[in-house]
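Notes follow the structure.
Only a predicted model underlies this, so the values are computations on that prediction, with no experimental measurement involved.
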Amino acid sequence: MAGGGGAAPQPKQEELQPHPAKDQLPNIAYCITSPPPWPEAILLGFQHYLVMLGTTVFIPTALVPQMGGRNEEKAKMIQTLLFVAGLNTFFQTFFGTRLPAVIGGSFSYLPATISIVLAGRYSEILDPVEVTFGSLPYVDTALLNFVDACSLTVQRSFVLQRFEKTMRGIQGALIVASTLQIVVGFSGLWRNVARLLSPLSAVPLVALSGFGLYEFGFPLCSLMTSALGYPGCKMCGDWTATDHLSFIILAGERTVFNRFAVIFSVVIVWVYAHLLTVSGAYKNTAHQTQTSCRTDRAGIIGAAPWIRVPYPFQWGAPTFDAGEAFAMMATSFVALVESTGAFIAVSRYASATPLPPSILSRGVGWQGVGILFSGIFGTGSGSSVSVENAGLLALTRVGSRRVVQISAGFMIFFSILGKFGAVFASIPAPIIAALYCLFFAYVGSAGLSFLQFCNLNSFRTKFILGFSVFMGLSIPQYFNEYTAIKGYGPVHTGARWFNDMINVPFSSEPFVAGFLAMFLDITLYKKDTATRKDRGMHWWDKFRSFKTDTRSEEFYSLPFNLNKFFPSV
């Protein structure tokens with residue numbers, strides 16, 4: 001019979017096979033050891049600098065008012081954070097893991113830091129009551145101006161006194177807390193823990209290192225959309241349009257819009273936000289929206305000095321309190337676990353092989369040195385791997401070490417030239433939050449990519465994955481909601497430091513999920529080949545030592561032939 005379609009062709013057997021697992025992520029334009037041309041590398045480094053500014057500005061904005069400081073202190077604190085982040089990023093890329101990881105301020109330290117800020121011995125330092133003579137008759141104008149000037153001077157000294165004393169307490173806690181990661185890292189203790197990590201237990205840890213930061217994405221972005229409806233939504237969505245243009249407009253083989261999406265989007269949306277500001281579109285909006293969205297309300301540019309080099313103990317000699325030090329050490333351990341997940345994501349997007357445990361331990365040790373610098377210089381927060389910059393590696397498909405080292409140069413340069421750095425630091429928060437929606441998602445998906453090494457048809461695998469991810473979201477949600485409603489965490493005793501030691505770890509999604517996944521993966525282990533394959537350990541066996549894979553030498557060996565003096569095992 002003529003006409004009519006025949007039977008569909010049967011697929012070949014090789015077409016039915018799943019995608020093969022890859023030790024290194026393919027389709028990366030520039031991997032960890034292959035730098036792009038210098039002009040492109042400089043622009044990409046500047047992009048990394050712009051991305052890390054979000055967290056750098058957010059931390060002082062949240063802390064300085066509670067510490068009794070003003071815009072001048074906030075500007076100096078931002079400069080110090082930038083300067084220390086540049087130093088730590090240099091050290092990490094040269095002597096740590098050697099991955100293209102930006103080491104900056106961390107949200108993880110905020111609860112413990114705020115707990116120190118609210119300590120009773122600091123809250124007793126109050127601002128003096130202003131004395132005015134405007135209602136009294138026959139007051140000489142010159143005398144009135146003199147008294148007002150003296151009042152402002154006294155008030156200013158009290159403000160500085162409270163801010164500096166609080167900062168010194170934070171510095172002392174950070175200096176003590178840094179010893180935890182220094183000892184655990186350089187002694188090799190974390191190497192032994194990392195050897196227990198399998199692809200199965202890495203999935204919840206890495207995935208929730210990105211997905212667990214969801215509260216810093218759309219909730220912050222919605223500040224702008226709630227204020228202006230459609231215009232605000234358009235402003236936050238413009239960067240998405242530039243990203244999608246990369247799939248339509250191609251310059252040869254180079255996706256220009258995709259490679260420099262952050263620069264395009266930030267410039268477009270920043271200009272748009274400024275036009276809305278000068279046109280009066282924010283006049284009748286809430287105070288919080290004006291502070292977050294207006295381009296003239298940051299207060300950083302006017303307060304920042306033209307040139308200032310941050311220096312050690314610039315706020316004075318640190319003070320030490322045993323309870324605060326223990327609480328900060330618990331926070332440091334939480335940041336250590338979170339950074340482990342971020343390091344793994346960075347290695348994936350840099351198209352490097354999985355991190356050997358010895359290299360990861362070395363990176364943790366240098367991260368401890370970074371926390372020590374944070375305490376010495378007085379940043380107000382400890383350091384960890386920047387999750388948003390890890391996501392930027394995925395967006396640009398450039399995992400070059402040189403690019404991140406250039407970004408560290410920008411951090412130090414703009415931290416010294418305060419006014420110029422303050423211009424970029426005044427980018428409205430919702431713009432950064434809109435970018436977070438993409439970067440944090442990329443890091444979360446890096447964790448999901450390790451499922452390719454696991455047996456997803458195993459009920460053991462399904463239970464470990466499902467239970468650890470669910471509890472990693474559920475337990476921190478309970479702790480955070482309890483704290484938001486009651487004003488204190490579920491563990492509430494007379495010792496504030498003990499409360500922080502318990503409440504902070506259980507408020508971290510990657511910490512809870514990663515701990516549960518590793519615990520279940522180890523305790524539910526059967527010593528047979530099938531279970532090892534289900535866990536994906538047969539894929540990572542050759543990376544358990546630095547010398548068992550030749551690619552480790554290329555990606556992770558120390559410069560200047562230092563491996564002879566500091567061998568990795």
Note, [X] side chain near [Y] side chain (heavy atom, < 4.5 Å):
{"X": "Leu53", "Y": "Ile432", "answer": "no"}
{"X": "Leu99", "Y": "Thr93", "answer": "no"}
{"X": "Val206", "Y": "Arg348", "answer": "no"}
{"X": "Asn563", "Y": "Glu553", "answer": "yes"}
{"X": "Leu197", "Y": "Ile344", "answer": "yes"}
{"X": "Arg551", "Y": "Phe543", "answer": "yes"}
{"X": "Leu355", "Y": "Tyr556", "answer": "yes"}
{"X": "Ile32", "Y": "Pro100", "answer": "yes"}

By ring-ring contact (aromatic ring centres under 6.0 Å, His included), which residues pair with [X], not counting sequence neighbours?
{"X": "Tyr49", "answer": "Phe46, Phe414"}
{"X": "His538", "answer": "none"}
{"X": "Phe373", "answer": "Phe91"}

Would the distance check show the side chain of [X] and the main-chain N or O of [Y] forming a donor-acceptor pair, the cut-off being under 3.5 Å?
{"X": "Gln47", "Y": "Val262", "result": "yes"}
{"X": "Ser332", "Y": "Ser178", "result": "no"}
{"X": "Lys462", "Y": "Leu456", "result": "yes"}
{"X": "Ser407", "Y": "Val404", "result": "yes"}
{"X": "Ser557", "Y": "Glu554", "result": "no"}
{"X": "Thr179", "Y": "Val176", "result": "yes"}
{"X": "Ser34", "Y": "Tyr30", "result": "no"}
{"X": "Ser361", "Y": "Pro357", "result": "no"}
{"X": "Ser508", "Y": "Val504", "result": "no"}
{"X": "Gln24", "Y": "Ser351", "result": "yes"}

Provide the closest heavy-atom pair for [X] versus [Y] in the form atom of the first, atom of the second, distance.
{"X": "Thr461", "Y": "Asp534", "value": "OG1-O, 3.9 Å"}
{"X": "Ser115", "Y": "Asp500", "value": "OG-OD2, 2.6 Å"}
{"X": "Ser108", "Y": "Pro111", "value": "O-CD, 3.4 Å"}
{"X": "Val57", "Y": "Thr61", "value": "O-OG1, 2.7 Å"}
{"X": "Arg460", "Y": "Leu520", "value": "NH2-O, 4.2 Å"}
{"X": "Pro356", "Y": "Ser552", "value": "CG-OG, 3.8 Å"}

Can you measure from [atom1] ([X]) to [atom2] ([Y]) and round to the nearest 0.5 angstrom?
{"X": "Ser201", "Y": "Ile522", "atom1": "OG", "atom2": "CD1", "value": "7.0 Å"}
{"X": "Ile406", "Y": "His48", "atom1": "CD1", "atom2": "NE2", "value": "10.0 Å"}
{"X": "Ser545", "Y": "Arg195", "atom1": "OG", "atom2": "CZ", "value": "6.5 Å"}
{"X": "Gln452", "Y": "His19", "atom1": "CD", "atom2": "NE2", "value": "10.5 Å"}
{"X": "Ile371", "Y": "Trp366", "atom1": "CD1", "atom2": "CH2", "value": "13.5 Å"}
{"X": "Gln92", "Y": "Arg362", "atom1": "CD", "atom2": "CZ", "value": "9.0 Å"}

Would the number of heavy atoms belonging to other residues, nucleotides or ligands and lying under 6.0 Å from [atom1] of [X] be above 12?
{"X": "Phe498", "atom1": "CZ", "answer": "no"}
{"X": "Phe506", "atom1": "CZ", "answer": "no"}
{"X": "Lys533", "atom1": "NZ", "answer": "no"}

(message) If you apply the rule side-chain contact (heavy atoms from CB on, under 4.5 Å), what do you find for Asp541 with Arg532, and how did you get there?
(response) CA-CA 10 Å; Asp541 276 341; Arg532 282 184 57 82; 2.4 Å; yes
(request) Could you name each residue pair satisfying side chain to side chain donor-acceptor pair (under 3.5 Å) that touches residues 429-439, not counting sequence neighbours? (result)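 Qualifying pairs: Thr55-Tyr436.
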(request) Could you go through the side-chain contact (heavy atoms from CB on, under 4.5 Å) check for Thr483 and Asn503 one step at a time? (result) CA-CA 9 Å; Thr483 303; Asn503 290 327; 5.8 Å; no
(request) For the residue pair Asn455 and Ser458, confirm or rule out a side-chain donor-acceptor distance under 3.5 Å. (result)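 No donor-acceptor contact under 3.5 Å links the two side chains.
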(message) Any donor-acceptor pair under 3.5 Å linking the side-chain atoms of Ser384 with those of Glu338?
(response)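 The criterion, which ignores hydrogens and geometry beyond distance, is not satisfied for Ser384 and Glu338.
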(request) With sequence neighbours left out, write down each residue that passes side chain to side chain contact (heavy atoms under 4.5 Å, CB included) with Leu562, or none if nothing qualifies. (result)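 Side chain to side chain contact (heavy atoms under 4.5 Å, CB included) list for Leu562, sorted by chain: Phe95, Leu558, Phe560, Phe565, Phe566.
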Let me check something: any side-chain donor-acceptor pairs from residues 466-479 under 3.5 Å, sequence neighbours excluded? List them with distances.
| unit_1 | atom_1 | unit_2 | atom_2 | d |
| --- | --- | --- | --- | --- |
| Ser468 | OG | Ile464 | O | 2.6 |
| Ser468 | OG | Leu465 | O | 3.2 |
| Gln477 | OE1 | Tyr214 | OH | 3.0 |
| Gln477 | NE2 | Glu481 | OE2 | 2.7 |

(message) Quick check on the 6.0 Å ring-centre criterion: do Phe216 and Phe107 meet it?
(response)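 Yes, close enough.
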(request) Determine, stepwise, if the pair Phe555 / Arg98 fulfils side-chain contact (heavy atoms from CB on, under 4.5 Å). (result) CA-CA 7 Å; Phe555 297 139; Arg98 306 220 68 207; over 6 Å; no
(message) I'd like to know whether Phe94 forms a side-chain contact (heavy atoms from CB on, under 4.5 Å) with Arg401, so could you lay out the CA-CA distance, the side-chain angles of the two residues, the decisive distance to 0.1 Å, and finally the verdict.
(response) CA-CA 9 Å; Phe94 274 107; Arg401 183 188 297 127; over 6 Å; no
(request) May I ask you to say whether Arg544 pairs ionically with Asp549, meaning some side-chain N is under 4.0 Å from a carboxylate O? (result)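 No.
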